[in-house]
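Notes follow the structure.
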Amino acid sequence: MKLLETHGLTAFYGDFQALFGIDLHVDEGETIAIVGANGAGKSTLMGAITGRRSAQREAITFDGKPIGGMKPAEIMARGIALVPEGRQLFPSLDVEENLLIGNYGRKVRGAWSLDAVYRLFPILKERRKQAATSLSGGQQQMVALGRALMSNPRLLLCDEISLGLAPAIIKDIYAALDAIRAEGASVMVVEQNIGQALAVSDRVYCLLEGRVTLTGRPEALSRDQISAAYFGGG
Ligand code: ATP
């Protein structure tokens, strides 16, 4: 069943058009990767889906209902959570307070609670009274991921979660995503790291200058096809 769909989604910054009619979908239980170079429109797409950018009402449907242009809190309450690029933790709050903010406004029972997040990332329990920004980059990413899980989302959006992290930490973060999928969530990852994206996803969408240039299952796509779709000119 289709959980999320976009239909001809466009986005503008003033006169500048950043997205040109994006059609994509995420099925229940699926992991989708959105890949593309700097400026391809990945963050704009995430912003539209999560209500941080304006969108036409019918251009985005979740669970069969239009959500385009709704406020971020309403979209979150329906079951879409974002791990934002750059993490955006609250610097004056400790780890636990940052996590607790994540379930504000969505009153559903599910697999994810403070205890469950601490089981997923035991280091966060040890550090729970520390300022979130005193943690390493990888640990901060765990807080951002844990905070998103606290709302028990049906769809988890992850914007560049491997950016700037050491390979061993990236492995841990992606292993956590496996555990999250095992609890039933669908996942959409936005990655500049193509290898990572192909390794974890059921399907990939390649974005270039605001358009989908390629989509398919990773095993069905050749390196050349991906390279042309990613960099253009192919
Ligand atoms: P990155 O990997 O650098 O985050 P991206 O694929 O997420 O890139 P977006 O950030 O969505 O791309 O940007 C898409 C296009 O919109 C780019 O051409 C960018 O310059 C432009 N853009 C993004 N934000 C703004 C803004 N606030 N004002 C004007 N143009 C913007």
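These numbers were taken from a predicted model, which means no experiment stands behind them. When a ligand or atom number is given, it counts from 1 through the structure's own listing order. Only this structure's heavy atoms are used, side chains among them; waters, hydrogens and symmetry mates stay out.
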Distance flag for atom 28 (N) of ligand 1, protein heavy atom under 4.0 Å: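 Given the 4.0 Å cut-off, atom 28 (N) of ligand 1 counts as touching protein heavy atoms.
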Heavy atom of protein inside 4.0 Å of atom 15 (C) of ligand 1, strictly below: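 There is a protein heavy atom less than 4.0 Å from atom 15 (C) of ligand 1.
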pair [X]-[Y]: side-chain heavy atoms closer than 4.5 Å:
| X | Y | result |
| --- | --- | --- |
| Q192 | N38 | yes |
| W112 | V117 | yes |
| M188 | I34 | yes |
| I32 | S201 | no |

For [atom], grab the closest protein heavy atom and report residue, atom and distance to one decimal in Å.
| atom | result |
| --- | --- |
| atom 3 (O) of ligand 1 | N38 OD1, 2.9 Å |
| atom 9 (P) of ligand 1 | T44 OG1, 3.6 Å |
| atom 24 (N) of ligand 1 | Y13 CZ, 3.3 Å |
| atom 21 (C) of ligand 1 | F16 CE2, 3.7 Å |

Suppose I only count heavy atoms of [X] and a 4.0 Å limit; which atoms of ligand 1 are within that range?
| X | value |
| --- | --- |
| A37 | 6 (O) |
| Q192 | 2 (O) |
| E85 | 4 (O) |
| A40 | 5 (P), 6 (O), 12 (O) |
| A18 | 16 (O) |
| E160 | 2 (O) |

Least distance between heavy atoms, Q140 atom then A132 atom: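 In terms of heavy atoms, the two residues are closest at CG-O, 3.4 Å.
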Exercise: identify the closest heavy-atom pair between A176 and F121: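 Scanning both residues completely, I find the closest heavy atoms to be CB-CZ, 3.5 Å.
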Geometry only, no angles: is [X] polar-contacting ligand 1 at N/O separations under 3.5 Å?
| X | value |
| --- | --- |
| G41 | yes |
| L45 | no |
| G39 | yes |
| S43 | yes |

Basic-acidic side-chain contact under 4.0 Å: D94, R127: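 Looking at R127 together with D94, the answer is no, because their closest N to O distance does not fall below 4.0 Å.
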CD/E5: more than 12 non-hydrogen atoms of other groups inside 6.0 Å: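 Atom CD in E5 is crowded, with more than 12 foreign heavy atoms closer than 6.0 Å.
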ILVMFWY clustering at 4.5 Å (side-chain atoms), partners of F12: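 Cluster partners of F12: none, it stands alone.
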Pairs involving residues 201-214, ordered by first then second residue, that meet salt bridge (charged side-chain N to carboxylate O under 4.0 Å, His left out) (sequence neighbours left out):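 Matches after skipping sequence neighbours: E30-R203.
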